[in-house]
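Below is one structure; the comments refer to it alone.
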Amino acid sequence: MKKVLLFLIDSMMTDVLRNCLNKGKTPALQFFYQHGQLIEDCVTVFPTMTASVDCSLITGEYPDRHKVPGLVWYDPREQKIVNYINGAETVLTLGLVQCLRNALFEMNNRHLSSEVQTIHEVLEENGFTSGSINVIAHRGLQSYNVRPSFLLDAATGFSLSGVTSGPSIFSLGTLVKPAIFREVPWSVSQSLAASLGINDRYAIDVLIEVVKSGMQPDFTLIYLPDNDHKLHQAYRLAEEHLAQVDEQLVRFLNTFDSWEQALQQNVFILVSDHGQTLIGRTDEHNVNLDRLLADYAIHPLGKDDVQGDELVICNNERMAYLYPLREHLLSQLVELLSAERRIDLVAWKDGPWVNVLNGGKALAFCRGGSDVDQYGAAWTVNGAWEVLDLRLDERGKISFDSYPDALSRLYGALFSQDGPLIVITAAPGYEFVSEHMPTHLGEGSHGSLHKQDSLVPLLIAGSKRPLARPARLVDLKSYVLQEITSQTALV
Ligand SMILES: [Zn+2]
C-alpha cells in the first residue's frame, strides 16, 4: 500500500514554480511535475497566514468552523491578543515564550474547535497511522510531553514544559521528538529561534529517519518554512529560494534506490499555504493603522486588560482584524477605514449578514438562498457584485476572479469568532503596520483575500486519482483520506 506524503511549502508561488521548472532549477519538483498533476490555481484559506491555513489543511474546514481566526487575533474572554509562532521575525517581535506557548499548547489544546476532527484523528480512529513533522497545528490522539533542551528551557524561564497532542509519529523541532527511532541530532545554535529546529533541513532530517525506521505512517504532513522567511527578506531571489527548498526534496529522494522507487512507494502532494505580494518601496506603502486610528484609544500590545481601551488591532500583514470595544464605534470605524484609498476591502457582520465595502460600493451576503457558487455553497447576495468581483459562469453559478472563493472565505474569517469585529485588507502593493509588527517595504507580504496572496500551486504525483477542479486547500483532507482508505478494504 502506498504511503501519502504531504509537503506544505510556505509561500511557494505558481509563477515562481513555473519559471523554475522552465529553467531546470528545481529537479525534484520537475520530477513530480513530470509524473503528476499540477494545479496552478488552488485556493487557500483567508486570512492567508500560516496559522489559519494549517488548521484548515488538517481539518478541511474554514475558520468559521475550526475557530482559529489567524496568526494574530483578540480573545475577548481572556482580554488578550493571541499570536502564534509563525516565522522568526514574528517570534522575535512578539516574544518567544508567549508565541511558543500559544502554538504548542493553546492552539491545539484550546483554540482549535473540538467540533471538528483533524486528519490525524480520523485516520488513527480508523486504524491507520498518521504523522506530523514541524506543523504548528497537529492535534491528534496521542499525548506528548514537550521537552525543550535545557538551554532553551532556561532561556525561557522554564515555562515551555507541558503536554500537547499529536499523531503517533510527531515531531515539532527540538521540542517534541519522535521516540521510536534514533534521535535526529540538532545542536543548539546561536539564536533561540534557530535552536528550535523549525526549518527545512531539520524537517527533512526527521522525515528521512522516519522512513528509514520502517515505521513510516500511512500519512505524513511535513512543513517546510524557509521559503517564506526568505521571500519576506529578498523577494527578487524567489527562484533561488525555491531551488533551495528543492535541494532538501532532492536529499530526501536520494535516500531511495531511485526516485522512481520513491514514487512507487509514496504519493507525493506538494502544496503552498499562500502566495506573497510585492510591497512598494516607499513609506506610503505601509498603511499605519496606529496613525490612521489615532483618535481612538488603541489597546497597547502587552497590556494585561482592555480597561479604558476603545479598540484592539490584530495585524496579519495584508489583513487586519479590528475589534471595537464599544458598540457605537463600529459604524464610525467603518466610515473612517473605507475612506482610506490604500485599504481594499472593509467587511463586518450584522446578524447573519456580511457587509463589504470596496471603492465606495457596498455588498451584503448571508448563508442560504438561491445564489449558488461554483463550490456548491448557497447564498443570498444583495448589492454591487463588483465589490467582490463576483460573476456568473455559464452554468449560472457564482464564480470568482480577483477574490477566489470570496464568499466562503470572508464568511469564514468574520464568523471565526462571536462578537463585533471588522476585517480589512490592504490594496495590492500595500501592507498594514502597527505597533511592533515587521514591515516588508520592497519585499513580499501576504494575508489578504486577493488572488495574489490566495492562489497557490498544488502538485500531486504517484496517484491515479486526479483532484477535482476547481481545487481548494480545504478539499485536500478528503482527498488524502480517500487516497488512503481506497487502497484498503476499509473504504
Ligand atoms: Zn510569511
Side-chain angles (χ1 to χ4, degrees), residues 7-17 42 44-57 63 68-73 82-94 96 99-100 102-103 107 134-137 173 193-194 196 198-200 203 223-242 244-245 271-280 285-287 314-321 413 425-426 428-434 436-457 473:
F7 294 87
L8 181 62
I9 301 174
D10 205 319
S11 296
M12 177 166 67
M13 290 180 277
T14 297
D15 54 343
V16 178
L17 173 61
C42 177
T44 189
V45 179
F46 175 70
T48 40
M49 300 298 284
T50 303
S52 35
V53 177
D54 280 9
C55 291
S56 291
L57 182 64
V68 174
L71 167 69
V72 187
W73 54 282
V82 175
N83 42 65
Y84 302 117
I85 181 171
N86 184 10
E89 76 277 3
T90 314
V91 175
L92 297 174
T93 310
L94 299 172
L96 183 68
C99 288
L100 278 172
N102 279 332
M107 178 198 280
N134 280 7
V135 187
I136 300 160
L196 292 174
I198 307 289
N199 57 59
D200 294 1
Y223 174 51
L224 303 178
D226 294 6
N227 188 53
D228 177 72
H229 310 323
K230 293 172 183 171
L231 283 165
H232 283 303
Q233 287 162 8
Y235 189 88
R236 69 192 180 283
L237 299 175
E239 291 171 24
E240 280 61 38
H241 304 328
L242 191 59
Q244 285 163 9
V245 177
V271 71
S272 174
D273 48 1
H274 49 71
Q276 293 213 5
T277 294
L278 182 61
I279 304 302
H285 293 88
N286 278 340
V287 184
C314 290
N315 182 339
N316 287 273
E317 296 187 14
R318 290 190 9 84
M319 176 273 194
Y321 285 113
T425 64
Y430 295 85
E431 77 171 340
F432 295 120
V433 293
S434 56
H436 297 310
M437 286 300 288
T439 79
H440 307 99
L441 292 179
E443 306 299 349
S445 180
H446 51 91
S448 83
L449 192 72
H450 192 269
K451 62 183 175 185
Q452 181 69 36
D453 293 346
S454 303
L455 294 180
V456 296
L473 184 130

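Just so you know, ligand 1 is whichever comes first in the structure, and atom 1 is the first atom listed for that ligand.
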**Request:** Verify whether one side chain among Y223 and D10 offers a donor that lies under 3.5 Å from an acceptor in the other.
**Result:** yes

**Of the N, O or S atoms in H446, the one nearest the Zn ion (ligand 1)** = NE2

**Prompt:** Strictly under 2.8 Å, is any N, O or S atom of H229 next to the Zn ion (ligand 1)?
**Reply:** no

**Prompt:** Quick one: does C55's side chain get under 4.5 Å of P63's, heavy atoms only?
**Reply:** no

**Prompt:** From D228, does some N, O or S atom reach closer than 2.8 Å to the Zn ion (ligand 1)?
**Reply:** yes

**Prompt:** Only one of H274, R318, H446, Q276 clears side chain to side chain donor-acceptor pair (under 3.5 Å) with D453; which?
**Reply:** R318

**Asked** Quick check: does H232 have an N/O/S atom under 2.8 Å of the Zn ion (ligand 1)?
**Response** yes

**Message:** Working to the nearest 0.5 angstrom, can you tell me the gap between L455 CG and H450 NE2?
**Reply:** 9.5 Å

